[in-house]
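Some notes on the structure that comes next.
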Amino acid sequence: MEDICKRKGTVLIIRLPAELDHPVSEQIRLESDEIMEEHNILQIDFDFRKTTFMDSSGIGLIMGRFRRIAPIGGKVRIIHAGERMQKILAMSGVTRVIEVEPERGWV
């Protein structure tokens, strides 16, 4: 997978692909876990700019990172989420515990 996880200081940016299904979610989980173990990550930003499809494993990936970082005072954000992804995130309950920044037309 091409540079999906990038670290900038204590922030881990996860640039999600167009389709976020079980195999992709598992690979991202493994890569992000490794980065979180090696570095003092205090914030995770999930970038949904390219994402048009996400199944329940994507929700599990997001909530798993949230459960892992919340106890140390960290936070998770969802950025560049299009209308469709915002609806999926709201229906799944993710938006009750994680900040969602809507997609911006110029980005």
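Between the OG atom of S25 and the CD atom of Q27 there is a distance of 10.5 Å, given to the nearest 0.5 Å. For the atom pair CZ of R68 and OG of S32, the computed distance is 7.5 Å after rounding to the nearest 0.5 Å. The line from CE of M54 to CD1 of I59 is 3.5 Å long, rounded to the nearest 0.5 Å. Once rounded to the nearest 0.5 Å, the distance linking CD1 of I88 with CD of E83 reads 11.5 Å. To the nearest 0.5 Å, atoms CG (D33) and CG (L12) are separated by 10.0 Å. In this structure, R29 CZ and H22 NE2 are separated by 9.0 Å, a value rounded to the nearest 0.5 Å.
Here the closest non-hydrogen pair linking M36 and I41 is CA-CG1, 4.0 Å. Of all heavy-atom pairs spanning M63 and V97, the tightest one is CE-CG2, 3.7 Å. Scanning both residues, L20 and G58, for their nearest heavy atoms gives CD2-CA, 3.7 Å. Shown here for L61 and I28, the closest heavy-atom pair between the two residues is CD2-CG2, 3.8 Å. Shortest non-hydrogen contact noted between P17 and I4 is CD-CD1, 4.2 Å.
Paired with R77 under the rule side chain to side chain contact (heavy atoms under 4.5 Å, CB included), one option of I13, D47, D45 passes, and it is D45.
Under the 4.5 Å side-chain heavy-atom criterion for grouping Ile, Leu, Val, Met, Phe, Trp and Tyr, L42 is connected to I35 within one hydrophobic cluster. In the hydrophobic cluster analysis, where Ile, Leu, Val, Met, Phe, Trp and Tyr join through side-chain heavy atoms closer than 4.5 angstrom, V11 is grouped apart from L16. A chain of hydrophobic side-chain contacts below 4.5 Å, direct or via other Ile, Leu, Val, Met, Phe, Trp or Tyr residues, connects I44 to I72.
We find that E19 and K50 are not joined by a salt bridge, their nearest charged nitrogen and carboxylate oxygen being 4.0 Å or further apart.
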For this session: Check step by step if side chain to side chain contact (heavy atoms under 4.5 Å, CB included) holds for F48 and I79.
Result: CA-CA 6 Å; F48 273 79; I79 58 175; over 6 Å; no
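Not a single donor-acceptor pair under 3.5 Å links the side chain of E101 to the backbone N or O of I78. Side chain of T51 to backbone of A18: no donor-acceptor contact under 3.5 angstrom is found.
At a threshold of 4.5 Å between non-hydrogen side-chain atoms, the residues K6 and R15 count as touching.
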